[in-house]
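Side chains included, hydrogens not; waters and symmetry mates left out as well; all remaining heavy atoms used.
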Amino acid sequence: MESSDDDKDGVLEAYIPKELSYSLAANGTKFVDEVLNGQNERCLENFRMDKHVFYMLCDILQAKGLLRHTNRIKIEEQLAIFMFIIGHNLRTRAVQELFRYSGETISRHFNNVLNAIMAISLDFFEPPLSDIPPEILEDGRLYPYFQDCVGAVDGIHIPVMVGVDEQGPFRNKSGFLSQNVLAACSLDLKFHYILAGWEGSAADLRVLNSALTRRNKLQVPEGKYYLVDTKYANMPGFIAPYPGVPYHLNEFSAGFHPQDPKELFNYRHFLLRSATDRIFGALKARFPILMSAPPYPLQTQVKLVVAACAIHNYIRREKPDDWLFKMYEQENGVQMEESFPTPEVEQPVVHVEPPPLEMAFDPDELEATSRLRDNIAAEMWDDYIRDFGV
């Protein structure tokens, strides 16, 4: 039996969505026509977006001169090849069998579409608005306390494939090879900013520092801030939870009873910041290629992350009620009920030291950010106690 990198993933049928196993005799043009002329669900399953959203993206790429029809392959089929690969984590051989093109042709069009998406990617990343996000405004637990919050920043490790001599820096704390990707997200499942390509061993705060100091940098509107988790420091433009206080989901028990302002602050901070978990979940569900290390050059793997986030934003803009978005919107935070504190119940204390700052901030700025967090916590606690009539 012939051995290749593709064989590592199993037999051909394992690559292909079940509904397509009967269609392998068709050529690529016929397959794409069948999908685009069929039920919308077929386009969702195969090309990861609604038909009208797919056609609109083809029109955009053609109008900007980034893709063109060839004698053999129309733009729709070129985009279909790309979306099919990243939407099902397929290797070239599997796509060859389905579309009936050579490996060289598949690879060429895959890279052409990837570069075309990258060329317009900035059009799909929008900076935060000055308005109070409805996710805050319409939740009494969050408004008015977090009214200046524009979203959340977090990192995600995306598996990466590199040569043996390059693996050291890419090996993360868990022992796996990854790139450390930083994302600034809105609360309605959009990416404001993406920085991909950092080695998996890089500290999260170091990646954030890079995002804030590079030419195409992450910008925080004046007077606003992002929420970050315990991997980051509390600093201007970024509000972190209190260290040494329960924060993550598994640290909150059912019938959670906050004992003081810091616990209540951390709990509600977590509810809001968990938007990053939902957006990462939706991204990986739509593009499972991000869950494994594809056998591409490192630069291509980095581009794939940015392109996937750009397409995610494009779909969110054109079809906000897309089936995947609705699925992850339903996981809107933790639904535990808050109740009045019971002092006789001793809560465990989690000792977490805040990470050291690599960025140079004026001490007065750091103090102001600390006061801001304390003021939010105090106001939140006062209202919480008053609402319980104590």
Any idea how [X] and [Y] line up, ring-wise: parallel (<30°), tilted (30 to 60°), or perpendicular (>60°)?
X	Y	value
Y226	F238	parallel
Y101	F99	parallel
Y247	F270	perpendicular

[X] vs [Y] side-chain heavy atoms within contact, under 4.5 Å:
X	Y	value
L272	Y145	no
L66	N115	no
I75	H69	yes
N209	L205	no
L57	V53	no
C43	L36	yes
P144	E379	yes
V95	F110	no

What's the separation between atom [atom1] in [X] and atom [atom2] in [Y], rounded to the nearest 0.5 Å?
X	Y	atom1	atom2	result
T213	L208	OG1	CG	9.0 Å
R286	W323	CZ	CH2	7.0 Å
S121	K303	OG	NZ	10.5 Å

Whether the side chain of [X] engages the backbone of [Y] through a donor-acceptor N/O pair (distance < 3.5 Å, no angle test) should be reported.
X	Y	value
E77	I73	no
T369	E365	yes
Q179	I158	no

Please give me the minimum heavy-atom distance between E76 and F54, naming the atom from each residue.
O-CZ, 3.3 Å
In terms of heavy-atom contacts, G237 and V220 come closest through O-CG1, 4.0 Å
Can we say [X] and [Y] salt-bridge, meaning some charged N sits less than 4.0 Å from an Asp/Glu carboxylate O?
X	Y	value
K30	D33	no
D260	K262	no
D321	K319	yes
R316	E329	yes
R108	E104	yes

Please confirm whether [X] and [Y] have ring centers closer than 6.0 angstrom.
X	Y	value
F146	F265	yes
F191	F125	no
F325	H312	yes

May I have the step-by-step check of salt bridge (Lys or Arg N to Asp or Glu O under 4.0 Å) for D383 and R386, ending in yes or no?
CA-CA 5 Å; D383 291 344; R386 187 190 65 240; 2.8 Å; yes
Assess, by modelled atom type and distance only, whether the side chains of R268 and N266 contain a donor and an acceptor separated by less than 3.5 Å.
no
So R48 and N46, side-chain hydrogen bond (donor to acceptor under 3.5 Å, both in side chains) or not? Walk me through it.
CA-CA 6 Å; R48 316 309 286 162; N46 292 295; over 6 Å; no
With R317 as the cation and F124 as the aromatic partner, state whether NZ or CZ is under 6.0 Å from the six-membered ring centre and within 45° of the axis.
no
